[in-house]
Amino acid sequence: MEKRDFSEISDTCKWESPDYEPWFPVSEKSNPLTRDIDKSSPNHIVRLLAACDAQMFQKDTGTTYQRLFSDSVVLTMLEVARTVEQILRDPEDSLVVLSGCGTSGRLAFLMASCFNRALRDRQQNTVYSYIIAGGDRALLTSQEASEDDPELGMLTLEKLCEGKRRVLFIGISCGLSAPFVAGQLDFCLKHPDIYTPVLVGFNPVTQAREETMPGYSLTFREVVQRMEEQRGQRAFIINPAVGPEAISGSSRMKGGSATKILLETILAAAHTAAFANTHVTQQVSVFEDRVSRHTEQVSVFEDRVSRHSEQVSVFEDRVSWYRTDYEDIRGFISGGYQDMDNIVGDLTSLGSQFCIAHEDFVSLVLPTLSDKDTVLLLYTCHDDVGDVEKMVHRVREKTSNLHSLYHGLEGDTAVHSIGLLCSSVLNITWPSSSTVHMQWELSSKLVLNAVSTGSHVLKGKIYRNHMVDLQVTNSKLYHRATHILQKLSGVSLTQCEEALLKAIYHVEQLPEDITSAGVTTHTFTASRRNRVVPLALVCLLIGCSLSEAESRLESHPVVRDAVEACLTSSQHLTSSPGDQNSPNH
């Protein structure tokens, strides 16, 4: 097994220095641990991702940022849990709404469904609902344009809560940047007699987005500042820093994991208190212990994955051979929509990309499988092993590239042959508890993060630890793209935005109607184009035309290789012979 270079550990907290990329919020900074991840082996990629995840659980050292275990964070979680408990005890005309965009919205859906299921098991009235920007379509496909509409967010919340006398609204925005969520928080602040807003994110308030939101007179920061004025009374902010993402800005990773840990801890504590006929404890140490037990299990899992990194690296190495569009990475679940419990229900009429049941896999995917395809099987000791084995045999008839992740319970002595039919196996056992399914979900997420992210790295879509081949489909990604261009090219932000616009509109000169248009117009146009960021970057690095940049990208189809070739060319133009200190390094 490849040994890890622990010299990187000295950089673990470098991101906390005020001098480290001060122009970026924490969620958008590059992580010092992964600065060379684009040149790492599959095994090393897995270990780097695990090291980044471990940053979530570092104790508060009294330095720049509050952390997951900071007293202020735990106290706020305690207050929110008590508010949820009150609703559980008196649920009539009350609602707990979880809302977010993209991954945050999917986690809102997952937790609302999970805790409603727990209430139904107790024969209690359900009190949870969710909102995701773009509606239920966004649970399965990208609907990023909706994230930029604060008015839509407000109207969606108002419609969902019509007739309710009390609403606890939990808005999730990892970067404190999503206009859709900001509009909802602002609406809550305007109606304090009904709504109590909670913001969950992972940047300090001072790093919330400052740009005025489309069609709105406020910025996200101004909304959060208004929440600050009522903090601890009629508004709550939970925003520990969990460190930069392994791939800069990819908040589906640590941001998503930390969201799940925080909110599941809060809601599980409220349920325990409400149905044990007690109150959420006022002893912070006891509540903190609940968080510790939750995160301890994740730490144990990280250690196991690190020891089994060969298996995970095999997953990502196989996936990386092929393009990563819709047809390449598909997910299917037992029970399909019948078990999903989403608001709209069955979405299969919208197209094949919304077909998610095992039966859909058998009819749509299985017939075309070959040894060029990889199948990853996820199952637990609660699944019908007989049904799983039948599926495994059917897949093996088509491809030998079958891998499995199995979650069991300690003391489980059942023996089955599924592992013998797989190319690699990751078996994990957990202590039995009422919340073990949460550990299964989170640990599966971490594995899938490693597989999908590692595959993007191995395909060359990452340069250093930046996703340089991103789609510019909303304002967050537009601003992220310009900052990536600035960091890699070393030129002004204005020049970077000009280069990006030229690539988006495919023009050599920018007319006034383009420069005067808003970001929404730019992202709408960009959504129909490919590789706009790589094009802009090549133009900036070597000062060439769009047509020449396109030619260079055609000769270097792997984006990372194209960037490196341009950087080398740029160095030769700007550095004297023997000079090793190019400004682009």
Problem set entry | Any side-chain heavy-atom pair of His483 and His466 under 4.5 Å | no
Problem set entry | Pairwise distance CG(Asn465) to OH(Tyr463) - rounded to 0.5 angstrom | 10.5 Å
Problem set entry | NZ/NE/NH1/NH2 to OD/OE distance under 4.0 Å, Arg67 and Glu16 | yes
Exercise. Any donor and acceptor pair, going by atom type alone, linking the side chain of Thr83 with main-chain N or O of Glu79 inside 3.5 Å?
Worked result: yes
Exercise. Got a second to check how far Thr515's OG1 is from Glu497's CD, nearest 0.5 Å?
Worked result: 10.0 Å
Exercise. Would you find a donor on one side and an acceptor on the other, under 3.5 Å apart, between the side chain of Gln495 and the backbone of Ser492?
Worked result: yes
Exercise. Counting only N and O atoms by type, is there a donor-acceptor contact under 3.5 Å from the side chain of Arg221 to the main-chain atoms of Glu210?
Worked result: no
For this session: Indicate the atoms forming the closest heavy-atom contact of Pro244 with Asn31, along with that distance.
Result: O-ND2, 2.8 Å
For this session: Check the pair Arg209 / Lys476 against side chain to side chain contact (heavy atoms under 4.5 Å, CB included), numbers first and verdict last.
Result: CA-CA 9 Å; Arg209 181 175 291 179; Lys476 175 183 71 176; 3.1 Å; yes
Exercise. Looking only at atom types and distance, does a side-chain atom of Arg480 sit under 3.5 Å from a main-chain N or O of Gly249, one as donor and one as acceptor?
Worked result: yes
Problem set entry | Spacing of Ile132 atom CD1 and Thr156 atom OG1 [to the nearest 0.5 Å] | 11.5 Å
For this session: Tell me, with the steps shown, if Thr76 and Val198 meet side chain to side chain contact (heavy atoms under 4.5 Å, CB included).
Result: CA-CA 10 Å; Thr76 305; Val198 180; over 6 Å; no
Exercise. Are Ser146 and Leu152 close enough that some pair of their side-chain heavy atoms sits under 4.5 Å apart?
Worked result: yes
Exercise. Can you tell me how far CZ of Arg252 sits from OG1 of Thr259, rounded to the nearest 0.5 angstrom?
Worked result: 14.0 Å
Exercise. Is there a side-chain contact between Leu540 and Leu488 (heavy atoms, below 4.5 Å)?
Worked result: no
Problem set entry | Aromatic plane relationship, His522 with Tyr478 - under 30° parallel, 30 to 60° tilted, over 60° perpendicular | parallel
Exercise. Under 4.0 Å between a Lys/Arg side-chain N and an Asp/Glu carboxylate O for Glu245 and Lys254?
Worked result: no
For this session: Indicate yes or no: at least one non-hydrogen side-chain atom of Leu546 is less than 4.5 angstrom from one of Cys539.
Result: yes
For this session: Let me see the working for Asp136 and Tyr130 under side chain to side chain contact (heavy atoms under 4.5 Å, CB included), right down to the final yes or no.
Result: CA-CA 10 Å; Asp136 274 8; Tyr130 69 91; 2.7 Å; yes
Exercise. So with a 6.0 Å cut-off around CZ of Phe332, is the heavy-atom count from everything else above 12?
Worked result: yes
Exercise. Which atom names give the shortest non-hydrogen contact between Leu95 and Cys161, and what distance separates them?
Worked result: CD2-SG, 4.1 Å
For this session: Report, as yes or no, whether the 6.0 Å neighbourhood of atom CD on Gln338 holds more than 12 heavy atoms from other residues, nucleotides or ligands.
Result: no
Problem set entry | Check: Tyr20/Ser30 side-chain N/O donor and acceptor closer than 3.5 Å | yes
Problem set entry | Heavy atoms from other residues, nucleotides or ligands near CG of Asn125 exceed 12 (cutoff 6.0 Å) | no
Exercise. Are more than 12 heavy atoms from other residues, nucleotides or ligands located less than 6.0 Å from atom CD of Glu512?
Worked result: no
For this session: Check whether any side-chain N or O of Ser94 sits under 3.5 Å from a backbone N or O of Glu92 as a donor-acceptor pair, and report yes or no.
Result: yes
For this session: Check the pair Ser545, Ser547 against side-chain hydrogen bond (donor to acceptor under 3.5 Å, both in side chains), reporting the backbone distance first and the verdict last.
Result: CA-CA 5 Å; Ser545 66; Ser547 58; 3.1 Å; yes
For this session: Can you measure from CD1 (Ile343) to OG (Ser129) and round to the nearest 0.5 angstrom?
Result: 4.5 Å
Exercise. So do Thr473 and Thr523 actually touch side chain to side chain, heavy atoms under 4.5 Å?
Worked result: no
Exercise. How long is the gap from CZ on Arg137 to CG on Leu139, to the nearest 0.5 Å?
Worked result: 12.0 Å
For this session: Take Arg82 and Glu85 through the test salt bridge (charged side-chain N to carboxylate O under 4.0 Å, His left out) and record every step on the way to the result.
Result: CA-CA 5 Å; Arg82 290 165 68 179; Glu85 178 201 359; 5.9 Å; no
Exercise. Hey, mind stepping through Asp341 and Arg120 against salt bridge (charged side-chain N to carboxylate O under 4.0 Å, His left out) and telling me if it holds?
Worked result: CA-CA 12 Å; Asp341 198 26; Arg120 284 193 289 266; 3.0 Å; yes
For this session: Would you check if the side chain of Lys29 reaches a backbone N or O of Gly243 as a donor-acceptor pair within less than 3.5 Å?
Result: no
Seminar exercise, completed: Leu119 and Val127 have their tightest heavy-atom pair at CD1-N, 3.7 Å
Seminar exercise, completed: What one should report as the nearest heavy-atom pair of Ser173 and Ala178 is OG-N, 3.1 Å
Exercise. Centres of the Tyr65 and Trp15 rings: under 6.0 Å?
Worked result: yes
Exercise. Counting only N and O atoms by type, is there a donor-acceptor contact under 3.5 Å from the side chain of Asn203 to the main-chain atoms of Gly175?
Worked result: yes
For this session: For residues 163-201, pull every pair meeting ring pair (Phe, Tyr, Trp, His ring centres under 6.0 Å), keeping only residues two or more places apart or in separate chains.
Result: Phe187-His191, Phe187-Tyr195
Exercise. Between the main-chain N or O of Tyr128 and the side-chain N or O of Asn116, is there a donor-acceptor pair closer than 3.5 Å?
Worked result: yes
Exercise. Would you call Ile87 and Arg166 a side-chain contact if the rule is heavy atoms closer than 4.5 Å?
Worked result: yes
For this session: Verify the distance criterion only: is there a donor paired with an acceptor across the side chains of Asn239 and Gln66 at less than 3.5 Å?
Result: yes
For this session: Decide salt bridge (charged side-chain N to carboxylate O under 4.0 Å, His left out) for Asp90 and Arg165; before the verdict, give the C-alpha distance in whole Å, the side-chain angles of both, and the deciding distance to 0.1 Å.
Result: CA-CA 11 Å; Asp90 181 17; Arg165 65 180 175 89; 2.9 Å; yes
Problem set entry | Residue pair Phe236 / Ile170, side-chain heavy-atom distance below 4.5 Å | no
Problem set entry | Working for side chain to side chain contact (heavy atoms under 4.5 Å, CB included), residues Tyr505 and Arg529 | CA-CA 9 Å; Tyr505 291 95; Arg529 299 199 182 278; 5.7 Å; no
For this session: Step by step, work out the salt bridge (charged side-chain N to carboxylate O under 4.0 Å, His left out) result for Arg226 and Glu229.
Result: CA-CA 5 Å; Arg226 288 182 56 204; Glu229 296 170 2; 5.9 Å; no
Exercise. Does Thr453 reach the main-chain N or O of Ala450 with its side chain, forming a donor-acceptor pair under 3.5 Å?
Worked result: no
Exercise. So, for Val181 and Ser99, which heavy atoms are closest and what is the spacing to 0.1 Å?
Worked result: CG2-O, 4.4 Å
Problem set entry | Over all atoms of both residues, closest heavy-atom pair of Ser257 and Leu446 | OG-CD2, 3.5 Å
Exercise. Taking Thr34 for the side chain and Ala246 for the main chain, is one N or O donor matched with an acceptor at less than 3.5 Å?
Worked result: yes
Exercise. Should Val532 and Leu535 count as side-chain neighbours, where that means a heavy-atom distance under 4.5 Å?
Worked result: no
